[in-house]
Amino acid sequence: MLDPRHAILFEPVPIGPKILPNRFYQVPHASGFGSSQPRTQAAFRGIKAEGGWGGVCVEYSPVSADADEEPHVAAYIRDDRDVAALRYTAEAIHAHGALAGLELYHGGNSSKNVSSRHPRMAPSQSAAAISWGSTAREMTTDDIRRVQSDFVAGARRARDAGFDIVYVYGAHGYLLTQFLSTWTNRRTDGYGGGLAGRARFALEALEQVREAIGDDCAVATRICVDGRRGVKGVRIEDMLEFVRMADPLVDLFDVTVGSWPEDSGTSRYYPEGHQLTWTRRVREATRKPIVGVGRYTNPDQMAALIRSGDFDLIGAARPAIADPFLPRKIAEGRLGDIRECTGANVCILKEEDFRHIGCIQNPTAGEEFRRGWHPERFDQTSDPDRTVLIVGAGPAGMEAAMVLGKRGFAAVHLVEAEDEIGGRLRWTRRLPTLGDWGRIVDWRRTQLDQLPSVEIITGRTLSDRDVLDYGASIVIVATGSRWSDDGSQPGRLRAIDNASGSLTPERVMTGERPRGQRVAVYDCDGYFVAPGIAELLAAEGYDVHLVTSHPVVSPMSDGTLEGPMLRQHLHDSGVVMHPGITVLARSADGITGETEYGDPWTLEVEDLVLVTHQVPVDELHRSLTQDADALRTAGVDAVHLIGDAQSPRWISEAVFDGHRLARELDLPDPSFPAPVLRDQPV
Ligand code: ADP
């Protein structure tokens, strides 16, 4: 039942000629599906409408040939085929009574133009934001008119595709912001100079779009209200004035701050609602509806924000990916069931690097069409009486147990050697700044506790004999991995001479500490573990050197938008960084190796922590599967291997693995993923 304190979140909100059914609004964000995977896009967004988001937007939609984003995937709306493709999405959103939004976009000097080979354009000649060795040319007034008319043409197509809200996108440092910024706009004609000139491009585009479709659709704009560190030349005072100027032309202000890495800052470095200091000030300049994000998952916080009058809508990208049903759960008073975003930005990493969105918390994200997965509905098993034993309660084992419980299996035992469930997250969540990742365990624990058919047994290490004697007909081995202590990365880097005795992340996190004061953390993994250990030890007063085989420290953190902040953080914590080093030997004096150019390299340290690669803990699986007779005699019909025990990967993949197996356990060979539907462009 809805808590009356949260009722305010379910009030309808008029925006222009449309009415949002409630205050939950999924702001535009990329998915990797664009208009080229129309059914995947439609299913991904439609689920959010079904889950109660009153407004659901698609990603950026480039309007001009010189705003070409390939190989990134955008929701192009250039011709009738794109209109037909995106109509699927508008219809999927409408099917649940929500409004559909499309974000018309031009990147200016940050558009890629790799495929179009069009020169990049910007208000003034400027270094292209995307690739080196290229300079964006200054737009002529003809260019300005053409791009504005492209916005109008895009808006007409968006309306024809069925969208209710059409954006003129001006945030995150793209073309509209480049015009507004004193840093990128040095024009001396009527489109530069004082704020009135710098605002003219955006105001004219808004006016023309409004003229074309304003009776049919709400016109929104997304603005960067203060540049902070990322978007130079954009200041709150100017932007409030811009909002006053744009007010008559705009039905909805979508407000952001800084560049994308700041606006979508991870939980490591940005608390929830960190943007508010700047974004809440927009109310000073307009009475029109305002939406902003803050990675909110707590309805008390959301209701307080609406009551404050600062925002009219609760914007979300990441919390809506982690839980498409967040609004419905609030409406039903099921607050404990909300699958809270961890702020890890795996969604961004996956969408940016792999062109297919995913989520560390929600393994169904992006799988709605191709695998037919619904985040809240699970096919009931046709054979519920099989007993299932899951060995290991890390992310993979917990997820498998939960899904099997939800699928109606009558007896699922989740057995864990340690006293607590969580696997590697038991210690990962205790690394500095990674506390919110604990939500992966906490949410699953809450769900498991609600499933009477799932029994959790901790403090019990199972041997192969124990498993055979357990009485289960299906065994799922989810025993995880351990960090190697030989300093190698198989297939890439050889073992370090005399590495034995070096520490590993698990040993540090279970209480062991380096001998001596000076310690090196050697990282070949390239993500969060080594920086986390380094920061932890530095905070305890060790003199820490982070040595990495990668050319930059933690390259994967660049994919999650954290790289520069992570390195700054390490620097500020006193950690000395040594990128591009391959460590080859350890001696009494320290470590030796070579630089990326083959020059000898040494570092005096008293101890070494190795974060080089993870080794699957798969002995149990090997011994069980090599004796088919013993399995038959014990009544075990199948043994499956999931998660890190199969292949050490990111946490998101271990969760996915457990989820996938549990969904497909009734198939003839669930060990291998079932074929997926392939989407086709229209
Ligand atoms: P994943 O990410 O694949 O879920 P983790 O390493 O996070 O893997 O978790 C694996 C879990 O399995 C750990 O909590 C570990 O204690 C547990 N485990 C490993 N071997 C056994 C065993 N033989 N019996 C019970 N639990 C085990």
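Reckoned from all heavy atoms, side chains included, excluding hydrogens, waters and symmetry mates. Read the numbers this way: they start at 1 and go in the same order the structure lists the ligands and their atoms.
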- Any side-chain donor near an acceptor of the partner, Thr364 and Asn362, under 3.5 Å: yes
- Shortest protein heavy-atom distance from atom 4 (O) of ligand 1, along with the residue and atom involved: Ala396 N, 2.9 Å
- Item | Numbered atoms and elements of ligand 1 in range of Gly643, under 4.0 angstrom, heavy atoms | 3 (O)
- Query: How about Phe656 and Trp373: are their ring centres within less than 6.0 Å of each other?
  - Reply: yes
- Atom indices of ligand 1 within 4.0 angstrom of Pro395 heavy atoms, with elements: 1 (P), 2 (O), 4 (O), 7 (O)
- Query: Quick one: are the ring centres of His545 and Tyr522 less than 6.0 Å apart?
  - Reply: no
- Considering only protein heavy atoms, which is closest to atom 26 (N) of ligand 1, and at what distance to one decimal place? Ala417 N, 3.0 Å
- Looking at atom 10 (C) of ligand 1, what's its closest protein heavy atom, distance included? Ala478 O, 3.4 Å
- Query: Polar-atom distance check: Leu462 versus ligand 1, any N or O pair below 3.5 Å?
  - Reply: yes
- Is there a donor in the side chain of Glu399 and an acceptor in the side chain of His659, or the other way round, less than 3.5 Å apart? yes
- Query: Identify the closest protein heavy atom to atom 8 (O) of ligand 1: which residue and atom is it, and at what distance?
  - Reply: Gly480 CA, 3.2 Å
- Is it the side chain (CB and beyond), the backbone, both or neither of Ser481 that lies under 4.0 Å from ligand 1, heavy atoms counted? backbone
- Message: Within the 3.5 Å criterion, strictly below it, is a donor on Arg482 or Thr504 matched to an acceptor on the partner's side chain?
- Response: no
- Can you tell me the protein heavy atom closest to atom 19 (C) of ligand 1 and the distance? Thr479 O, 3.4 Å
- Under 4.0 Å between heavy atoms, the region of Val391 that gets near ligand 1 turns out to be side chain
- With distance as the sole criterion, is a donor-acceptor pair present between the side chains of Arg355 and Gln37 under 3.5 Å? no
- Message: Nearest non-hydrogen contact with atom 16 (O) of ligand 1 belongs to which option: Glu420, Arg482, Gln614, Glu416?
- Response: Glu416
- Message: Please tell me whether Phe44 and Phe33 form a close aromatic pair, meaning their ring centres lie under 6.0 Å apart.
- Response: yes
- Message: With the threshold set at under 4.0 angstrom, would you say Glu399 reaches ligand 1 through any of its heavy atoms?
- Response: no
- Query: Do NZ/NE/NH1/NH2 and the carboxylate oxygens of Lys350 and Glu653 come within less than 4.0 Å?
  - Reply: yes
- ligand 1 atoms in contact with Arg424 (distance to a heavy atom under 4.0 Å): 2 (O), 5 (P), 7 (O)
- Would you please test Asn345 and Thr266 for side chain to side chain donor-acceptor pair (under 3.5 Å) and show each step? CA-CA 6 Å; Asn345 281 6; Thr266 58; 5.3 Å; no
- Asp644 bridged to Arg424 by N-O distance under 4.0 Å: yes
- Here the atoms of ligand 1 under 4.0 Å from any heavy atom belonging to Gly392 are 11 (C), 12 (O), 17 (C), 26 (N)
- Salt bridge or not for Arg45 and Glu59, using N-O below 4.0 Å? yes
- Nearest neighbour in protein (non-hydrogen) for atom 3 (O) of ligand 1: Asp644 N, 2.7 Å
- Item | Per-atom contacts, ligand 1 versus Glu418 - under 4.0 Å to a heavy atom | 16 (O)
- Output the list of atoms in ligand 1 that are nearer than 4.0 Å to some heavy atom of Arg460, sorted by atom number. 24 (N), 25 (C)
- Task: Identify, by atom number and element, the atoms of ligand 1 in contact range of Val415, meaning under 4.0 Å from any of its heavy atoms.
- Result: 25 (C), 26 (N)
